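Convention: sequence-line order gives letters A, B, ...; per-chain numbering from 1. The structure presented is a predicted model; accordingly, all values stated were derived computationally and were not measured.
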Amino acid sequence: MISSRSKLSLYGEKAIEWLIRICGVSAIIFVFAIFFFLFREGAPILREPGFNLWRFLTSTEWYPTSMSNVRYGTFALIAGTLSVTGVAMLIAVPFGLGAAVFVSEFCTGKLRESLKVIIELLAAIPSIVWGFIGLTVMNPLIQTVFHVQVGLNVLNAALLLALMSIPVMVSIGEDALKAVPDSYREGALALGATRWQVIYRILLPAAKNGLLAAVLLGVGRAVGETMAVLMATGHAVNVPHSIFDSVRTLTATIAAELGEASQGSPHYRVLFLIGILLFTLTFIVNLVADLVVRGINRK
Amino acid sequence: MVTPKVQVENLRLSYGPKEVIHGISFHIEPNEILGIIGPAQSGKTSLLRCINRTIEFTTNTRQTGTIRVDGEDVSQMRDVYALRRKVGMVAPLPVGLPLSIYDNVAFAPRNAGVRQRAALDEIVERCLRQAALWDEVKDRLDSLGTKLSGGQQQRLTIARALSHSPQILCLDEFSIAIDPVTTMRIEDVLKELKKEMTIILVTNLVQQARRLAARTMFLWNGEIVEIGPTSEVFSDNPKDRRTYDYVNGIFG
């Protein structure tokens, strides 16, 4: 016979199970809801006469408010986003992962604690402040150091983005390295391995999934960042030929123009299409990373 | 007189304020198997970790006295990595590295600079055979070492410890996770290995020390109660009454 109390706890168990199930499913629902919303606002432009998706992706001419000849070409914007993100990652990945290894493996006690606090503090700086730094500090600095006309360019924005994404890489990367059991370290060291051998033969392979997640979060941060790049890139629609060229990113375009575009207008819809483009970009990055991880794991 | 392989003089070790080894001295001769027996918390593992300086991974330890390996003070050794290759260590809990079985065994030789595939193949097969693991894993050397069962991982760590051709092999309760039949096979291997190396055998199984060790040391609460020929330690009248009690299981 089941007593009333154990019946109650049985229902309680069921209720909690459902609650957790809803939490899990809600993540999927939100992602789809966002995607649906973006599509609802952006997709109608695809059926508009005179709109050409191929031109949208490949043309460098972005004249959304032209009275006589409206042109929506986002290639320069895509190039802007990719160049800024790419350069930022070239700087951030070695420094971020290096810092993670340093904090996790070489630091002890006070130094370690204070470093972690300071790095987390770096993550707490609002992006508008970074943009301000880019405008007032980095701009003249780049002009004088590299003798270029304009300091608001790919390099400026990439440096800011690198600084912004390093904290998240360090803390996630450090967590991943800390999750590697100490017995691996001691086992390897007891076999006469040097510290460096332990790091690159044991720790990095063992923590590769977490480290890749750290890099991806950094990439996500860099691709999605808006305010700082709006202020630091120079905001000029331009396919860059060097890191000293001014560019404009997809995100900055949305931020700068969405307020001006009247709701439902082609301009408004095109901006949402850019949102879909961004969404797809990050989706591809995640997918590729996932496949890479699986490839490594199968080996 | 031959230089002792290992010479420990007045070794003291404390973790923080707590002293766990209270000034012990003994030596180990070349190609000898020394059994170390004693209850838990008597400092057996700490002693081994002092010899190959893996004790340095633990913070807040203090060590005085000297340990000489081949007459050389280990604390003065510049190349601690060479020391650790010279002193192989098998820990009581199996720690398969997150690598393939092959790479687990080839790890130390590779670190020491062995690059030729043929040489590595030879080392891997020899060590896995010595650890009585070859037959079970020869068809899946590429699978992860951490996926093996506990007993297999333990033998993998033995193979690994042998992979850098140590002159001294420290076995810290190696048979905890291994079945009796395999244990006997490894014990036979140890008798063979004695020709090539010096073996320190820390064990909870007093009979294992009796079977293998030429001399046995009884360590208790960080002090040596007795050290002597195994036959004497296990006889009906060892030097110390406590030894008799411990060996015969009427201790405490």
Could you state the interatomic distance from [atom1] ([X]) to [atom2] ([Y]), rounded to the nearest 0.5 Å?
X        : Y        : atom1 : atom2 : value
B:Leu97  : A:Arg201 : CG    : CZ    : 11.5 Å
A:Thr194 : B:Arg84  : OG1   : CZ    : 10.5 Å
B:Leu99  : A:Tyr184 : CG    : OH    : 9.0 Å

Is the number of heavy atoms from other residues, nucleotides or ligands under 6.0 Å of [X] [atom1] greater than 12?
X        : atom1 : value
B:Glu196 : CD    : yes
A:Phe95  : CZ    : no
B:Lys194 : NZ    : no
B:Tyr15  : OH    : yes

Compare all side-chain heavy atoms of B:Phe107 with those of A:Ile202 and state whether any distance is below 4.5 angstrom. yes
Are the side chains of A:Leu191 and B:His164 in contact, using a 4.5 Å heavy-atom criterion? yes
What part of B:Arg110 gets within 4.5 angstrom of chain A, counting heavy atoms only: side chain, backbone, both, or neither?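 Both the backbone and the side chain of B:Arg110 come within 4.5 Å of chain A.
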Cut-off 4.5 Å, heavy atoms of chain A, and the answer for B:Thr146 is side chain
Side chain to side chain donor-acceptor pair (under 3.5 Å) against A:Glu105, all qualifying residues, sequence neighbours excluded: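 For A:Glu105 the side chain to side chain donor-acceptor pair (under 3.5 Å) partners, ignoring immediate neighbours, are A:Arg185.
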Please rank A:Gly187, A:Ala188, A:Pro181 by heavy-atom pairs under 4.5 Å with chain B and give me the top one. A:Ala188
Where A:Arg195 and B:Tyr81 come nearest, the two heavy atoms and their spacing: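 In this case the closest contact between A:Arg195 and B:Tyr81 is N-OH, 4.2 Å.
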